[in-house]
Amino acid sequence: MNEQIPVLREVDFGTARLMPDVDRERAWLLTVDGAPQSYVDLDEPGHLEFEYARRLGHVVDGAAAEGAPLDVLHLGGGALSLPRYVAATRPGSRQDVVEADGGLVALVAEHLPLPDGSGVTMHTADARAWLEAAPTASADLVVGDVFGGSRVPAHLTSLAYAREVGRVLRPGGIYAANLADGAPFDFLRGQLATFAAVFPERALIAEPAVLRGRRFGNAVLVASDAALDVAGLTRRSAADAFPARVEHGEALARFTGSAVPVGDAEAVGSPAPPEGAFGIG
């Protein structure tokens, strides 16, 4: 296969495109219906290109002692940027990746295959259905990164979903979710209130401009039943090429405001981003 030829394919939920990065020999950008989904460098799996992916990487880095293996459940697969990162930085980790789009799973397996012995197992299924069937206390880390187009699906935002996440995590385990919102943050505040009903410890990682409501963007929600390493998370996020702020404690409570947990009946997906918010080129 010529590594530099773009790949275009109809998958289950849209049109997927794999585009080579001219600056990195074996790096690829995955988009679905024009929305960026993943960036993968096959020669350097420790490289996380997208800002939100690096913030999820910061959570991985602080989830256990350096290099210690983790049992991870990824809800949402894309081109497997974060599973590759975990496999590279924490050898011996066992990872399950749940991706609803079987056509996308096949495309990634064909053109961006995982290395032998990666410890990553793929599953084509709905993320919530898989979560509800997963064994209790079976994961050290659950990552929520499911987007239908550019929106988080409603059934992955409710209190019942949050309780299932809590059931699947081991004591001291961590949930990290990639979310997206903009002022007045009705969706994001609702997510914070929802997970506060299940997890006593929470933090939010985002660019200051996003938190101040100046632009629409990603925010990573981190939650646990045990104390989070907020200092370490803050240090890693601040040192990033695109520095982010970590909100927790009283500041996060003020941000959450009067929002209340979201039930299945009233759950809604994250808002559609403004034109060009997540565009490329």
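A side-chain hydrogen bond (donor to acceptor under 3.5 Å, both in side chains) with S158 is found for exactly one of R128, E164, E266, namely R128. Among L75, V72, L73, the one residue that satisfies the side chain to side chain contact (heavy atoms under 4.5 Å, CB included) test with V143 is V72.
Hydrophobic clustering (ILVMFWY, side-chain heavy atoms < 4.5 Å, transitive): L169 and L159 are in one cluster. Connection of V7 to L112 is established within a shared hydrophobic cluster, with ILVMFWY side chains joined at heavy-atom distances below 4.5 Å, either directly or through further cluster members. L221 and V262 are members of different hydrophobic clusters when ILVMFWY side chains are connected at heavy-atom separations under 4.5 Å.
The salt bridge (Lys or Arg N to Asp or Glu O under 4.0 Å) pairs that include a residue from residues 177-203 number zero, where partners must be two or more places apart or lie in different chains.
Proximity of F242 to E51: side-chain heavy atoms (C-beta onward) are separated by under 4.5 Å at one or more points. In this structure, L56 and L48 have side chains that are not in contact, with every pair of non-hydrogen atoms separated by 4.5 Å or more. A 4.5 Å side-chain heavy-atom check between F199 and L228 finds every atom pair outside the cut-off. D61 is listed as a side-chain neighbour of Y85, based on a closest heavy-atom distance under 4.5 Å. In this structure the side chain of D126 reaches within 4.5 angstrom of the side chain of H155, judged on heavy atoms. Under the 4.5 Å side-chain criterion, counting only non-hydrogen atoms from C-beta, L252 is in contact with L192. In this structure the side chain of V32 never reaches within 4.5 angstrom of the side chain of F13, judged on heavy atoms. Residues V165 and V198 form no side-chain contact, since every pair of their non-hydrogen atoms from C-beta on lies 4.5 Å or further apart.
The backbone N or O of L42 sits nowhere less than 3.5 Å from a side-chain atom of R24 that would complete a donor-acceptor pair. At least one donor-acceptor pair closer than 3.5 Å links the side chain of D33 to the backbone N or O of T15. Panel note: side chain S224, backbone I174; no donor-acceptor pair is recorded below 3.5 Å. With R90 contributing its side chain and A64 its backbone, the two residues share a donor-acceptor pair below 3.5 Å. No donor-acceptor pair under 3.5 Å is formed between the side chain of D140 and the backbone N or O of G173. Between the side chain of R26 and the main chain of V40, no donor-acceptor pair closer than 3.5 Å is present. Side chain of N178 to main chain of D145: no donor-acceptor pair is present (N/O by atom type, distance under 3.5 Å, no hydrogens or angles). Looking at E49, its side chain never comes within 3.5 Å of a backbone N or O of Y39 through a donor-acceptor pair. The main-chain N or O of T234 is never found under 3.5 Å from a side-chain atom of S237 such that the two would form a donor-acceptor pair. Although no hydrogens or angles enter the test, the distance criterion places a donor-acceptor pair under 3.5 Å between the side chain of R170 and the main chain of A137.
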- prompt: Could you walk me through whether D41 and D21 pass the side-chain contact (heavy atoms from CB on, under 4.5 Å) check?
  reply: CA-CA 9 Å; D41 187 332; D21 185 338; over 6 Å; no

- request: Decide side-chain contact (heavy atoms from CB on, under 4.5 Å) for M122 and L80; before the verdict, give the C-alpha distance in whole Å, the side-chain angles of both, and the deciding distance to 0.1 Å.
  value: CA-CA 10 Å; M122 295 296 304; L80 310 177; 3.6 Å; yes

- prompt: Does the pair H111 and W28 meet the rule for a ring pair (Phe, Tyr, Trp, His ring centres under 6.0 Å), with working shown?
  reply: CA-CA 10 Å; H111 291 279; W28 296 82; 7.3 Å; no

query: Stepwise, does the side-chain contact (heavy atoms from CB on, under 4.5 Å) test hold for T31 with M19?
result: CA-CA 8 Å; T31 67; M19 293 178 288; 3.9 Å; yes

- prompt: Which is it for V152 and F147 under the side-chain contact (heavy atoms from CB on, under 4.5 Å) test, yes or no, and what are the steps along the way?
  reply: CA-CA 5 Å; V152 180; F147 279 75; 3.7 Å; yes

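Counting all heavy atoms, side chain and backbone alike, A100 lies closest to D12 at O-OD2, 4.3 Å. Of all non-hydrogen atoms in A125 and W130, the two that sit nearest each other are CB-CE3, 4.3 Å. For V222 against L233, the heavy-atom pair with the smallest separation is CG2-CD2, 4.3 Å. Residue P91 comes nearest to P69 through the heavy atom pair O-CB, 3.7 Å, listed as atom of the first residue, atom of the second, then distance. Residues G269 and A154 approach most closely at N-CB, 3.5 Å, considering heavy atoms. Between F187 and P271, the closest heavy-atom pair is CB-CD, 3.7 Å.
Taking CG of D229 as the start and CZ of R236 as the end, the distance is 5.5 Å to the nearest 0.5 Å. Distance check, rounded to the nearest 0.5 Å: CG of L188 to CZ of F255 gives 4.5 Å. The structure places CG of L156 at 10.5 Å from CG of L179, a figure rounded to the nearest 0.5 Å. One finds the NE2 atom of H58 at 4.0 Å from the CG atom of D240 (value rounded to the nearest 0.5 Å). Here CD of E207 is found 10.0 Å from CZ of R212. Values are rounded to the nearest 0.5 Å. Rounded to the nearest 0.5 Å, atoms OH (Y52) and CG (L82) are 9.0 Å apart.
Heavy atoms from other residues, nucleotides or ligands lying under 6.0 Å from NE2 of H123 number more than 12. Open room surrounds CZ on R214; 12 or fewer heavy atoms of other groups in view lie less than 6.0 Å from it. At most 12 non-hydrogen atoms from other residues, nucleotides or ligands lie less than 6.0 angstrom from CZ of R94.
Defined by atom type and a distance below 3.5 Å, a donor-acceptor pair is missing between the side-chain atoms of S270 and R151.
Annotation: side-chain contact (heavy atoms from CB on, under 4.5 Å) contacts of S38 (sequence neighbours excluded): L30, A79, S81.
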